[in-house]
Amino acid sequence: MRIADSGEQGSPASSAQGPQFNLDCSDLKPARILQKHKYHSVLERRRGEHPRKKPLRVLKFGGTSVADTACIGRVADIIRAELRESNVVAVISAMSGVTNKLVAAAKASEAGDRKSVGRIFEELRAQHEAVANSLIHSATTRKRVARTMKDVFREGDSLCRGTILLRELTPRALDSISSLGERLSAPLVAAALAERGVASRAIDATELVVTDSSHGAAEPLMDLTRERCKARIRPLLLQETVPVVTGFIGATAEGVVTTLGRNGSDYSATILGAALDADEVVIWSDVDGVLTVDPRLVTGVSTIPEISYREAAELAYFGAKVLHPKTLRPVMKSGTPIWIRNTFAPEGRGTKITRSGCPDGGRVKALTAISDIAMITVGGSGIVGARDVLSRTFKTTAAVQADVLLVLQSSSQNDICFVVPSATAKRTIEALRHEFAKDLAHEETEHITLNQDVAIVAIVGEKVHDTPGIAARTFCALSRDNVNIIAIAQGSSESNISFLVPQKDMRAALIATHREFLNGSHSEVSSATGV
Ligand code: ADP
Ligand code: ASP
Ligand code: MG
């Protein structure tokens, strides 16, 4: 969306009934400048000239990028610099570690542990107040932020009290409690902008992102979201006010708070990007871009200059934390470019994620691994040859909402083996035992088994699957370093070959395959700088 002052105004926000904590810092823009802006627009219209059109960029800043006062100052500087050439909508995560603490408080409430809940909220209050005090010099802004914080903490307090009383943590209450971090950080970023003379407004995404009611993994309803975003955001951009939106959260059409899933602010940014027809979405993090492999696991990694949506999605799906797995979905149709850049080294170019992603003929682009998984095997003579085993197995995984990351089947149909995230393993295995109870009643040994000592390693690159030799080179590299492959899955996706290894060998597998395919693949060598 290109924003030009056409005189057209969006209709007033049809706000959700959810809680609103808007911090209006736009009054910090001197009235004279507003007048001048309007005057120029009138002159331009009279002369029949087109006002200069600026592109719209959605800039998302993750938890490490807003971790303390200095970080928030850096974020405000980046936004201010960006405003020279574009209109900006900022999307902000909770300060690093805050969502974890809120989830811990929610769980402690369920356990009736008042003391821990009190301690966590005291820590959070002290942390945010300290940042507000060192960041904000204007007395009026400080007062406003203090009021907003008080409201947020009061709400957290009553949510936890309710949970303690009921000794039950509903998914709805968990979402409301874990949403508080973003509602504390966005006003701080808006205030930092105001301190720099940039008009800004903190906006609760419950007013913008309309979702279904799948608490903990809510999906946006894009038509309603688009309507809300245009009505609420466009007028602010026309007034040259930077909307500073909470990431991670949304609300149902009825105004009930939801979250998009852990690490979900990346997804918030592309949802807003798509809803506003943004020209680009920039995800600012603590790394120089998408790297050839997680820098916490392998040294000598490089920054990838450009990759495709599909490659980035495969990396995210198989555990590369730099992007939430659903991030690419909202922009795939429009082809909006996504950038990953480093808040701590903003001079770097970063990685551009595009539809075609600079194809280079089946080369391996990056590696990733995921260890928080469990392998479940369904087998046994009681079910050998039964034609409906596959359908019953996956109906069961669907019923318990377990994401199946990888599937393998022996040719004799004796065993079906699949991998799910650890968090869903227990309920999946219980449901399968229930489903196949009759078939396996006479078996002496257990035939629905769980193995949690595994990891998936994925080799990602457009068309790697069609390129002869990649699997062979992988086997050789792993055998040289004594890594045993439990299973390999090649074929379901053109841009990924994934294999299972013992969890203890995951790092060795990444080191071996990185050496084989990616050493020195790009000139720019990088590291995570913000941690
Ligand atoms: P943010 O707080 O900005 O959302 P995250 O911690 O969610 O940041 O994601 C950034 C982290 O992702 C990096 O610090 C890095 O350790 C990790 N990561 C994993 N795989 C990759 C990869 N291939 N490229 C870049 N970073 C990666
Ligand atoms: N604050 C949320 C989390 O920690 C969302 C995010 O940071 O993207 O999961
Ligand atoms: Mg993240």
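Since this is a predicted model, take the numbers as computed values, not measurements.
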Between atom [atom1] of [X] and atom [atom2] of [Y], what is the distance when rounded to the nearest 0.5 Å?
| X | Y | atom1 | atom2 | result |
| --- | --- | --- | --- | --- |
| Glu207 | Thr246 | CD | OG1 | 9.0 Å |
| Asn87 | Arg234 | CG | CZ | 10.0 Å |
| Cys160 | Glu155 | SG | CD | 10.5 Å |
| Ser158 | Leu165 | OG | CG | 11.5 Å |
| Met332 | Thr327 | CE | OG1 | 10.0 Å |
| Thr303 | Leu291 | OG1 | CG | 5.0 Å |

I'd like to know if the side chain of [X] and the backbone of [Y] have a donor-acceptor N/O pair within less than 3.5 Å.
| X | Y | answer |
| --- | --- | --- |
| Ser308 | Gly357 | no |
| Thr211 | Pro220 | no |
| Glu110 | Glu168 | no |
| Arg144 | Thr140 | no |
| Arg167 | Ile164 | yes |
| Thr141 | Ala191 | no |
| Tyr309 | Gly335 | yes |
| Asp266 | Ile283 | no |
| Ser185 | Ser93 | yes |
| Ser495 | Val460 | no |

Side chain to side chain contact (heavy atoms under 4.5 Å, CB included) between Thr163 and Ile177, worked out: CA-CA 10 Å; Thr163 308; Ile177 296 169; 4.3 Å; yes

Indicate whether the side chain of [X] and that of [Y] have a donor and an acceptor atom separated by less than 3.5 Å.
| X | Y | value |
| --- | --- | --- |
| Asp175 | Thr258 | no |
| Arg262 | Asn100 | yes |
| Ser178 | Thr259 | no |

Mutual orientation of the aromatic rings belonging to Phe61 and Trp284 [parallel < 30°, tilted 30-60°, perpendicular > 60°]: parallel

Ring geometry between His128 and Phe153 (parallel below 30°, tilted from 30 to 60°, perpendicular above 60°): perpendicular

Which atom of [X] lies closest to which atom of [Y], heavy atoms considered:
| X | Y | value |
| --- | --- | --- |
| Thr206 | Gly250 | CG2-O, 3.3 Å |
| Thr69 | Ser134 | OG1-OG, 2.9 Å |
| Ala94 | Thr99 | CB-OG1, 3.5 Å |
| Ile79 | Ala90 | CD1-CB, 3.9 Å |
| Glu182 | Ser265 | OE2-OG, 3.8 Å |

Stepwise side chain to side chain contact (heavy atoms under 4.5 Å, CB included) test for Ile233 and Leu276: CA-CA 8 Å; Ile233 301 292; Leu276 290 161; 3.9 Å; yes

Residues [X], [Y]: salt bridge by 4.0 Å N-O rule:
| X | Y | answer |
| --- | --- | --- |
| Asp113 | Lys107 | no |
| Glu280 | Arg57 | yes |
| Asp77 | Arg74 | no |
| Glu314 | Arg310 | no |
| Glu219 | Arg329 | yes |
| Arg161 | Asp157 | yes |

Heavy atoms of other groups near Gln401 CD, more than 12 under 6.0 Å: no

Within 6.0 Å of CZ in Arg196, more than 12 heavy atoms from elsewhere: yes

Can you tell if the side chain of [X] reaches within under 4.5 Å of the side chain of [Y], non-hydrogen atoms only?
| X | Y | result |
| --- | --- | --- |
| Asp288 | Arg349 | no |
| Ile249 | Asp204 | yes |
| Ile271 | Leu260 | yes |
| Leu328 | Thr270 | no |
| Val242 | Val244 | yes |
| Ile307 | Thr351 | yes |
| Pro421 | Leu405 | yes |
| Ser268 | Lys60 | no |

Side chain to side chain contact (heavy atoms under 4.5 Å, CB included) assessment of Val58 paired with Val91: CA-CA 7 Å; Val58 175; Val91 176; 3.8 Å; yes

Counterpart residues, side-chain hydrogen bond (donor to acceptor under 3.5 Å, both in side chains), relative to Arg142 (two or more places apart): none

Derivation of the salt bridge (Lys or Arg N to Asp or Glu O under 4.0 Å) call for Arg125 and Glu122: CA-CA 5 Å; Arg125 198 191 309 273; Glu122 264 329 297; 3.3 Å; yes

Derivation of the side chain to side chain contact (heavy atoms under 4.5 Å, CB included) call for Val89 and Val245: CA-CA 7 Å; Val89 173; Val245 183; 4.1 Å; yes

Single hit among Val282, Leu83, Thr343 for side chain to side chain contact (heavy atoms under 4.5 Å, CB included) with Ile78: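 That would be Thr343.
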
